[in-house]
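The structure under discussion appears below in the form of structure tokens.
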Amino acid sequence: MTEPATARGLPAGADTVSVLAALRWGLARDLAIAFRSRNELVVQLVFFVLVASLFPLTLAPEPGTLAMLGPGVLWVAALLSSLLALPRLFGRDFDDGTLAQVALSPRPLPALVSGKMLAHWLVTGLPVVVLAPVLGAAYRLDAAAGALLAASLALGTPILSLLGGIVGALTLGARGGSGLAALLALPLYVPVLIFGSGAVAAQAAGLSASPHLSLLAAGLLLAGMAAPFAAAAAIRIALD
Amino acid sequence: MPLWRDVSFAVPWGSALLVRGANGTGKTTLLRIVAGLTHADAGVLCWRGAPCAPFAPPLRDDLLFVGHAPALSDELTAAENLAALASLGGDDASAAAVRSALDLLDIGRAAGVLARALSAGQRRRVLLARLALSARRLWVLDEPTTSLDDGAVAWFEATLAAHLARGGVAVVATHLPLRMDAARRMELVL
Amino acid sequence: MGINWFRYASPVSFLPLARALAPWFLATAAVLGGIGLWLGFGVAPTDATQGDAYRIIFIHVPAAWMAMFIYVVMAGWSALALGYNTRLSAMMAQALAPTGALMAALALWTGAFWGRPTWGTYWAWDARMSSTLILLFLYVGVIALRGAFDDARRADRACALLTLVGVVNVPIIYFSVRWWNTLHQGSSISLTAAPTMAAIMVTAMLVMTFALWAYCIGVVLWRVQAIVAEREEGAPWLARTAVAR
């Protein structure tokens with residue numbers, strides 16, 4: 001018997017069209033799942049608000065102190081809530097076997113992973129970006145500082161999703177679950193935290209915030225290019 | 001301790017390799033190696049004559065893998081799950097195609113039900129409905145007929161026969177009997 | 001020329017080498033360490049501005065260097081492990097991690113003891129100290145990830161990837177922490193820039209550096225033997241070399 005003709009609908013290789021199609025697949029599927037489980041997303045957002053509102057209770061809530069601590073506290077809260085959402089990214093797909101199907105599909109895995117990471121940021125990072133200026137007001141940040149905080153989070157939280165994706169994939173099937181993921185992810189998050197909260201602090205000190213934002217943008221570009229490949233490699237290691 | 005040594009086979013176009021063996025003899029491991037999910041400690045896997053590392057694109061292009069895990073997302077309906085899996089592999093994922101595939105397996109009525117509410121047998125049927133949508137050349141199926149009733153098993157046997165008649169190849173691990181054409185059947189006992 | 005380096009990529013041929021070399025490196029470390037400590041604590045003069053407290057740099061600075069350097073070496077072995085799938089590379093990376101963590105911890109500990117008389121506090125959020133702390137966390141992360149898997153091969157590859165991600169991040173972390181530090185703090189006395197280093201101080205520092213080098217290499221070669229023995233337990237070749245000893 002001879003080799004049968006293939007009737008695949010997918011073009012071979014990783015050209016732009018198939019990369020974009022793969023990205024869209026990951027994005028659409030994970031957004032649909034996120035929409036169905038939106039209660040959990042609300043919980044994650046409430047956690048962010050809760051952490052941010054615990055800090056003033058631990059100190060004398062004087063406007064000067066609050067405005068000084070605000071950016072850092074809100075950034076740490078964003079970091080922790082991003083960490084809380086980390087298992088959603090690959091954990092369930094790994095448990096139910098979907099991740100094996102994803103990794104074995106003809107589509108380029110880094111692009112599929114990028115789509116999933118983008119969806120993850122849209123449902124866990126973007127709400128934090130939007131909420132931060134509101135919480136900033138409670139920390140007596142003025143409108144300009146609030147806007148800058150949102151801008152720094154808009155550039156920084158995608159990096160958290162990208163780096164978190166690598167860590168999430170590395171810890172699939174590992175003992176020690178979320179504690180281990182936190183231990184691995186938090187040191188990697190340090191530069192993002194420094195540049196993000198530093199942007200607002202620099203502006204408050206009368207300096208320009210643009211170097212901080214530029215560095216965050218550079219970090220986002222670097223992470224955006226490298227992290228999907230690292231996460232794809234980690235997924236293949238996890239499935240092996 | 002190696003699971004086995006000196007296991008060697010070549011499956012010609014149009015044939016199915018049935019992998020048999022007691023629990024714990026490594027049927028699933030062998031299938032995972034054939035699917036390119038994992039590597040063998042020693043030895044090579046070739047697809048269409050060329051050696052393949054795990055996750056090699058030529059193998060992925062032609063592969064349909066149905067493993068033990070349900071591969072269904074609890075938050076999506078049966079139809080959405082099937083459409084997502086079909087479109088992932090580049091198969092026809094249109095609503096009509098998905099619906100008719102589900103109807104073939106007699107679970108058209110459950111199309112709109114969330115996967116978490118499906119029974120084990122229904123989940124299995126959703127997965128097997130992928131076979132109806134897929135034109136991949138290599139099927140690697142791990143215990144495909146577990147928790148299926150007689151009607152669904154008969155459907156599976158007919159679908160597998162059609163796949164082989166098209167010239168396709170299948171590697172199937174099963175401990176349940178499968179009725180199939182003896183000329184197309186190879187057996188490997190681990 | 002003529003040496004097949006890949007020969008030593010296999011534990012079978014590497015183990016006898018490690019077994020033979022480890023004691024020599026450790027002995028060298030002991031001798032050099034003795035000389036270095038004698039030079040640093042006995043011969044070198046008291047510093048004009050910092051008094052005798054500065055003498056801790058003879059341990060602190062080499063340890064801090066080793067902490068950074070070992071991470072890079074670990075990343076090199078990790079890259080080999082992922083690229084060539086060599087078991088020994090992954091075992092070397094595994095053997096390096098605890099020593100790297102020890103060096104980072106030693107640098108932090110001695111730094112704190114230096115900080116107390118000099119800064120008046122054990123911990124001053126100095127840029128170097130903070131980034132070494134993060135480096136320690138990176139080491140702990142690799143060790144913890146290793147412990148989280150039963151399957152050695154899975155652990156090897158996951159740790160190798162994590163180390164590579166870490167090594168890309170280390171310069172960024174150092175840069176970001178320095179950046180943060182210069183924005184928030186005036187310049188303070190730096191631990192490494194003693195105003196004038198007498199020649200004897202430089203000599204003592206170099207000798208201590210070589211001592212720590214020898215110690216780290218010796219200990220890693222020692223540990224890698226244990227890892228090979230643990231992993232390849234029951235392998236026939238291991239029994240043979242054990243008998244040969």
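This is a predicted model, so every value here is computed, not measured. Proteins get letters first, then strands, A, B, ... in listed order; numbering begins at 1 in each.
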Checklist entry - Contact part of B/H68 toward chain A, heavy-atom cut-off under 4.5 Å: side chain, backbone, both or neither? => result neither
Checklist entry - In terms of heavy-atom pairs under 4.5 Å, which option from B/A69, B/P70, B/A71 contacts chain A the most? => result B/A71
Next on the checklist: Checking the side chain of A/R107 only, and the main-chain atoms of B/S87 only, is there a donor and an acceptor separated by less than 3.5 Å?
Outcome noted: yes
Item to check | Part of B/L59 lying under 4.5 Å from any heavy atom of chain A | outcome: neither
Next on the checklist: Is any side-chain heavy atom of B/D74 closer than 4.5 Å to one of A/D96?
Outcome noted: no
Checklist entry - Where on B/L76 is there a heavy atom nearer than 4.5 Å to chain A: the side chain, the backbone, both, or neither? => result both
Checklist outcome for this item: Applying a strict 4.5 Å limit to non-hydrogen atoms, the region of B/R130 in contact with chain A is side chain
Next on the checklist: Restricting to non-hydrogen atoms, name the atom on B/R60 and the atom on A/P108 that form the minimum distance, rounded to 0.1 Å.
Outcome noted: NH2-CA, 4.3 Å
Next on the checklist: Counting only heavy atoms not in B/R179 (residues, nucleotides, ligands), do more than 12 fall under 6.0 Å from its CZ?
Outcome noted: no
Item to check | Interface residues of residues 229-240 of chain A facing chain B - heavy atom cut-off under 4.5 Å | outcome: A/R236, A/L239, A/D240
Checklist outcome for this item: Most heavy-atom pairs under 4.5 Å with chain A, out of B/A83, B/A115, B/S134, B/A84, belong to B/A84
Item to check | Residues in residues 20-35 of chain A that sit under 4.5 Å from chain B, counting heavy atoms only | outcome: A/W25, A/R29, A/A32, A/I33
Checklist entry - Rounded to the nearest 0.5 Å, how far apart are CZ of A/R36 and CD of B/E80? => result 4.0 Å
Next on the checklist: Does any part of the side chain of A/L112, heavy atoms only, come nearer than 4.5 Å to the side chain of B/L88, both counted from C-beta?
Outcome noted: yes
Item to check | Gap separating the CD atom of A/Q101 from the CG atom of B/L64, nearest 0.5 angstrom | outcome: 7.0 Å
Next on the checklist: If I measure from the heavy atoms of chain B, does A/L99 come under 4.5 Å with its side chain, its backbone, both, or neither?
Outcome noted: neither
Item to check | Neighbour count above 12 (heavy atom, 6.0 Å) for A/R175 CZ | outcome: yes
